[in-house]
J.: 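The structure follows.
Residue numbers run from 1 in the order of the sequence given. Values below: every heavy atom of this structure, side chains too, minus hydrogens, waters and symmetry copies.
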Amino acid sequence: MASLVRPLLRTAARPQTFVSPLRQAARRSYASATPAKSNTGLYLGVATVAAGGVGYYLYTQGQLGPLNNKSACPTLFKPTKVDYQKVYDDIAEILEDNDYDDGSYGPVLLRLGWHASGTYDAETKTGGSNGATMRFAPESDHGANAGLKAARDRLEPVKQKYPWISYSDLWILAAICAIQEMGGPKIPFRAGRTDKDVFACTPDGRLPDASKAQDHLRNIFYRMGFNDQEIVALTGAHALGRCHKDRSGYDGPWTFSPTMLTNDFFNLLLNEKWNWRKWNGPKQYEDKGSKKLMMLPADMSLIQDKEFKKHVERYAKDNDAFFNDFAAAIEKLFELGVPFKEDTERWVFKATID
């Protein structure tokens, strides 16, 4: 077959002489003979058929390399629990840093996931963790989100390593990782959040204001669909991290172990003596004993309101009860407004401290 194809291909590929329309008209004027028909079209047709035959022959003989390999065709990547566990493990690797705050990025990563989710509005079905719109101004510049650029930047190398994960899922997975790696309860995770553009940014004012009291807290959390018990449980996250003068304006940690999640926040809130701090800053409380801890006006409202206080008292006595209620409430918060597919699995990831 090869001996047949070569001459035909050479014939088809032979350059043809171009004759302009003027010269053709001149020839018709001075010549009465009918011009001979060209066989070029015939040769090209035969060559095409022959080349196709050669291609078919080579394909059937398995001599077309990758074209013979069906597995070489691109397929849609569908990450599994194993893939997300790898992301979790890489996040866990970058939590500790002696040069940042109290030696851990855990608290600020939790705050990132919390603030991304806490913009949800149940009535308008806007906001929430689905979208990661804090990547854009004006949402990134909202006062409540001050300092969260540190968390977003910390996660960027992980995002570059795993480009298939959305920022929305990454931020929530990072928050879950932070909770578990700081001794907290297991938090189930569902994947499926998608990233949105700047037009989906939420208005300022949807997150809690630390200077306000119980009425404000209820307005904020009821808007998302939470009840009093869930409000108190979620506030227990203040066992972690600290406030910064250059961010919120407030200053100091809530507990003596700001990188371990416990019920210490509730114990201190109930049992410590708290006074207004005398300083050139926003109103906040400081503990009478060490003067190293602080509470916010919104925190103190939890023991000034009788409905809130009964939950504070229960959590102060029972760390397991706090962990159970906190896990349920934070999972609910992280999933507000996310249009998960019906068959989306919930995964619990293994912590590195297990």
J.: With sequence neighbours excluded, tell me which residues meet ring pair (Phe, Tyr, Trp, His ring centres under 6.0 Å) with Phe326.
T.: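 Counting only residues at least two positions away or on another chain, Phe326 forms a ring pair (Phe, Tyr, Trp, His ring centres under 6.0 Å) with Phe322.
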
J.: Quick one: does Arg206's side chain get under 4.5 Å of Thr126's, heavy atoms only?
T.: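 Yes, their side chains come closer than 4.5 Å.
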
J.: Donor-acceptor pair, distance only, cut-off 3.5 Å: does the side chain of Asn145 make one with the backbone of Asp141?
T.: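 Looks like no, no N/O pair under 3.5 Å.
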
J.: What's the verdict on side chain to side chain contact (heavy atoms under 4.5 Å, CB included) for Lys273 and Asp287, showing C-alpha distance, side-chain angles and the deciding distance?
T.: CA-CA 6 Å; Lys273 299 294 183 183; Asp287 68 302; over 6 Å; no

J.: Cation-pi check for Tyr162 against Lys86: NZ or CZ below 6.0 Å from the six-membered ring centre and within 45 degrees of the axis, yes or no?
T.: no

J.: To the nearest 0.5 Å, what is the distance between CG on Leu155 and CD1 on Ile94?
T.: 5.5 Å

J.: Who are the side-chain contact (heavy atoms from CB on, under 4.5 Å) partners of Tyr222, not counting sequence neighbours?
T.: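 If we apply the side-chain contact (heavy atoms from CB on, under 4.5 Å) test to Tyr222, skipping adjacent residues, the hits are Arg218, Asp228, Ile231.
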
J.: Is there side-chain contact between Gln229 and Arg314, with at least one heavy-atom pair below 4.5 Å?
T.: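 Counting from C-beta outward, Gln229 and Arg314 do come under 4.5 Å.
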
J.: With sequence neighbours left out, write down each residue that passes ring pair (Phe, Tyr, Trp, His ring centres under 6.0 Å) with Trp347, or none if nothing qualifies.
T.: Tyr84

J.: Apply side-chain contact (heavy atoms from CB on, under 4.5 Å) to Lys310 and list each qualifying residue two or more places apart in sequence or on a separate chain.
T.: Glu307

J.: Measure across Lys309 and Ile303 and return the closest heavy-atom pair with its distance rounded to 0.1 Å.
T.: CD-O, 3.5 Å

J.: Please say whether the positively charged group of Lys288, taken as NZ for Lys or CZ for Arg, lies over the ring of Trp274, i.e. under 6.0 angstrom from the six-membered ring centre and within 45 degrees of the axis.
T.: no

J.: Honestly, is Arg111 close enough over Trp114, meaning NZ or CZ under 6.0 Å from the six-membered ring centre and within 45° of the axis?
T.: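 Checked: cation-pi criterion not met.
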
J.: List in chain and number order the residues that pass ring pair (Phe, Tyr, Trp, His ring centres under 6.0 Å) with Tyr250, two or more places apart in sequence or in another chain; answer none if no residue qualifies.
T.: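 So Tyr250 forms no ring pair (Phe, Tyr, Trp, His ring centres under 6.0 Å) with any residue.
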
J.: Could you list the residues that satisfy ring pair (Phe, Tyr, Trp, His ring centres under 6.0 Å) with His238, not counting sequence neighbours?
T.: Trp254, Phe265

